[in-house]
Amino acid sequence: MSEEIKRVAKAILGSFGLKAPPELEFPFQEKIISRMSALGISHPMSYLDLVRKDPIESQAIVNELTVHVSRFFRNPLIFELLAAIVLPELIRQKHEAGDNTLKIWSAGCAGGEEPYSLAIMLKEGMPRKSGRLNVQIFATDIDRRLLTQAKKGEFSPEKLENVKYKWVEKYFTPKNGRLLLNDNIRKMVYFSRYDMTDAKTYVPPESVFGNFDLVLCRNLLIYYSAAHQNLIFDKLHRSLANNGCLVLGAAESLPATYRNRFNSKDMYSRIFIKKY
């Protein structure tokens with residue numbers, strides 16, 4: 001790969017406060033070359049000029065890096081811990097406080113697999129524990145294309161590889177070689193576009209004041225520079241209710257400045273409980 005392409009790739013990502021994980025640097029550079037070829041642009045600096053002037057092209061090329069590869073119940077151990085330990089404890093605290101609303105935020109939700117997995121888990125696995133609990137699941141992403149797909153609730157079979165067969169039978173309907181999620185589950189999730197680097201807000205506007213009991217922000221921070229990671233962590237911390245739970249990706253960890261504000265839930269996962 002030419003040094004010029006490498007510099008252009010770095011400049012594009014830098015303008016968004018992003019960085020490419022080492023394993024994605026070369027594929028991202030290849031995407032730039034592919035876009036240049038498709039647009040008939042021969043010089044990398046000319047493409048950089050286009051990206052700086054055209055918001056549609058800039059978002060398109062950045063989406064090539066940040067688009068999430070996801071599936072239902074990705075990293076099953078996390079969902080087992082949420083179902084067996086975290087959510088029952090949160091629900092118990094809600095009942096004791098006389099609060100019947102459980103608020104959840106899936107940040108960087110991609111095509112909706114993560115928030116829909118939570119909805120299925122709550123609907124199927126915890127009816128006796130949740131009682132009349134009002135579950136509100138907010139799911140956000142910066143990519144409008146993915147949000148449009150998520151709202152449709154149609155998925156390829158490979159996205160459901162981790163879903164129990166009885167749940168596939170119960171909550172999905174075959175449709176033209178794909179699987180359509182039932183309305184009862186889809187209605188539990190509120191999708192909206194949200195930029196995690198927006199310094200003017202700390203929660204999705206649709207959630208009003210946040211105060212989330214559970215926030216999942218998995219495999220998103222690895223794409224951002226240290227400065228933007230701090231901004232995002234400030235949002236995550238402020239968005240959580242006291243004793244709220246934060247779930248990060250396996251390759252992510254709390255910044256040093258936030259470690260004394262959370263307790264680690266267990267040694268097997270990146271699950272943290274907010275202290276203050």
Next item on the list: Go through the steps to decide whether Asn100 and Lys94 satisfy the test side chain to side chain contact (heavy atoms under 4.5 Å, CB included), and finish with yes or no.
Entry: CA-CA 6 Å; Asn100 71 338; Lys94 287 287 179 180; over 6 Å; no
Checklist line | Step-by-step side chain to side chain contact (heavy atoms under 4.5 Å, CB included) determination, Leu118 to Leu216 | finding: CA-CA 10 Å; Leu118 290 166; Leu216 295 92; 3.5 Å; yes
Margin query: Under 4.0 Å between a side-chain nitrogen and a carboxylate oxygen: does that hold for Lys53 and Asp49?
Written below: no
Notebook entry, point to check: Side chain of Asn182, backbone of Asn184: donor and acceptor closer than 3.5 Å?
Noted result: no
Check: So, for Pro44 and Ile5, which heavy atoms are closest and what is the spacing to 0.1 Å?
Finding: CG-CD1, 3.8 Å
Next item on the list: Kindly check if the number of other-residue, nucleotide or ligand heavy atoms within 6.0 Å of CD (Glu80) is above 12?
Entry: no
Check: What about Leu50 and Val8, same hydrophobic cluster or not, with Ile/Leu/Val/Met/Phe/Trp/Tyr joined at side-chain heavy-atom distances under 4.5 Å?
Finding: yes
Note to self: Any heavy-atom pair between the side chains of Lys265 and Leu81 that's under 4.5 Å?
What the structure shows: no
Note to self: Quick one: does any side-chain atom of Thr148 pair with a main-chain N or O of Arg144 as donor and acceptor, under 3.5 Å?
What the structure shows: yes
Next item on the list: Could you tell me whether Lys275 atom NZ has more than 12 heavy atoms of other residues or ligands within 6.0 Å of it?
Entry: yes
Next item on the list: With the side chain counted from C-beta on, respond yes when Lys274 and His237 share a heavy-atom pair under 4.5 Å apart, and no when they do not.
Entry: yes
Checklist line | Lys/Arg-Asp/Glu bridge criterion (N-O < 4.0 Å) met for Lys6, Glu3 | finding: yes
Check: For Tyr258 and Leu236, what are the C-alpha separation, side-chain angles and deciding distance, and is it a side chain to side chain contact (heavy atoms under 4.5 Å, CB included)?
Finding: CA-CA 11 Å; Tyr258 286 89; Leu236 297 175; over 6 Å; no
Note to self: To check you understand the geometry: which heavy-atom pair defines the closest contact between Arg186 and Leu181, and what is its length?
What the structure shows: CD-O, 3.0 Å
Item checked: Ile120 side chain near Phe172 side chain, heavy-atom distance below 4.5 Å -> yes
Next item on the list: Examine Met45 and Phe28 and state if one hydrophobic cluster contains both, with Ile, Leu, Val, Met, Phe, Trp and Tyr joined whenever side-chain heavy atoms are less than 4.5 Å apart.
Entry: yes
Next item on the list: Please report the closest heavy-atom contact between Asn219 and Ala250, naming both atoms and the distance.
Entry: OD1-N, 4.1 Å
Next item on the list: Quick one: pull up OG in Ser37 and CD1 in Ile32 and give me the separation to the nearest 0.5 Å.
Entry: 13.5 Å
Note to self: So which atom in Leu231 and which in Ala199 form the shortest heavy-atom distance, rounded to 0.1 Å?
What the structure shows: CD1-CA, 4.3 Å
Notebook entry, point to check: Is there side-chain contact between Ser253 and Leu248, with at least one heavy-atom pair below 4.5 Å?
Noted result: no
Margin query: Starting from Phe233, can I reach Ile273 by hopping between I/L/V/M/F/W/Y residues whose side chains sit under 4.5 Å apart?
Written below: no
Notebook entry, point to check: When you measure from the side chain of Asn75 to the backbone N and O of Leu77, does any donor-acceptor pair fall under 3.5 Å?
Noted result: no
Check: Is there side-chain contact between Glu57 and Arg35, with at least one heavy-atom pair below 4.5 Å?
Finding: yes
Item checked: Straight-line distance of Ser15 OG to Leu13 CG, nearest 0.5 Å -> 7.5 Å
Check: Just by distance, with hydrogens left out, do Ser2 and Glu4 show a side-chain donor and acceptor under 3.5 Å apart?
Finding: no
Check: In terms of side-chain geometry, is the basic nitrogen of Glu113 or Arg74 positioned less than 4.0 Å from the acidic oxygen of its partner?
Finding: no
Check: Is it true that a side-chain atom of Glu154 and a backbone atom of Gln149 form a donor plus acceptor pair closer than 3.5 Å?
Finding: no
Next item on the list: Find out if a path of hydrophobic residues (ILVMFWY) with successive side-chain heavy-atom gaps under 4.5 Å connects Trp105 to Leu254.
Entry: yes
Check: Is there a ring-ring contact (aromatic ring centres under 6.0 Å, His included) between Tyr171 and Tyr116 once you walk through the steps?
Finding: CA-CA 11 Å; Tyr171 294 111; Tyr116 284 142; over 10 Å; no
Next item on the list: To the nearest 0.5 angstrom, please state how far the CD1 atom of Ile78 sits from the CZ atom of Arg218.
Entry: 6.0 Å
Notebook entry, point to check: Do the side chains of Thr201 and Lys235 get nearer than 4.5 Å, heavy atoms only?
Noted result: yes
Notebook entry, point to check: Looking only at atom types and distance, does a side-chain atom of Asp141 sit under 3.5 Å from a main-chain N or O of Ala110, one as donor and one as acceptor?
Noted result: yes
Next item on the list: Heavy atoms only: give me the nearest Ile61-Ile12 pair and the separation to one decimal.
Entry: CG2-CG2, 4.1 Å
Next item on the list: Could you give me the CA-CA distance, side-chain angles and deciding distance for Leu102 and Leu214, then say whether side chain to side chain contact (heavy atoms under 4.5 Å, CB included) is met?
Entry: CA-CA 8 Å; Leu102 181 70; Leu214 172 63; 5.9 Å; no
Next item on the list: May I ask you to decide if Phe72's main-chain N or O and Lys159's side chain share a donor-acceptor pair within less than 3.5 Å?
Entry: no
Check: Is there side-chain contact between Arg52 and Ser58, with at least one heavy-atom pair below 4.5 Å?
Finding: no
Checklist line | Between Tyr224 and Asn230, a side-chain donor and acceptor under 3.5 Å | finding: no
Item checked: ring pair (Phe, Tyr, Trp, His ring centres under 6.0 Å) partners for Phe73, two or more places apart -> Phe79, Trp167
Next item on the list: Looking only at non-hydrogen atoms, find the nearest pair between Val203 and Gly210 and report the distance.
Entry: CG1-CA, 3.8 Å
Next item on the list: Only counting residues at least two apart or in another chain, list the ones meeting salt bridge (Lys or Arg N to Asp or Glu O under 4.0 Å) with Arg92.
Entry: Glu89, Glu96
Checklist line | Cationic N near anionic O, under 4.0 Å, Lys103 to Asp213 | finding: no
Margin query: Who clusters with Phe209? Use side-chain heavy atoms, under 4.5 angstrom, across I, L, V, M, F, W and Y, and order the result by chain and number.
Written below: Val208
Note to self: Between Lys164 and Glu124 (salt bridge meaning N to carboxylate O under 4.0 Å), is one present in this structure?
What the structure shows: no
Check: When hydrophobic residues are tied together by side-chain contacts of less than 4.5 Å, even through go-betweens, does Leu146 share a cluster with Leu180?
Finding: no
Margin query: Any donor-acceptor pair under 3.5 Å linking the side-chain atoms of Tyr194 with those of Glu206?
Written below: no
Check: Do Phe262 and Leu240 come close enough that some side-chain heavy atom pair is under 4.5 Å?
Finding: yes
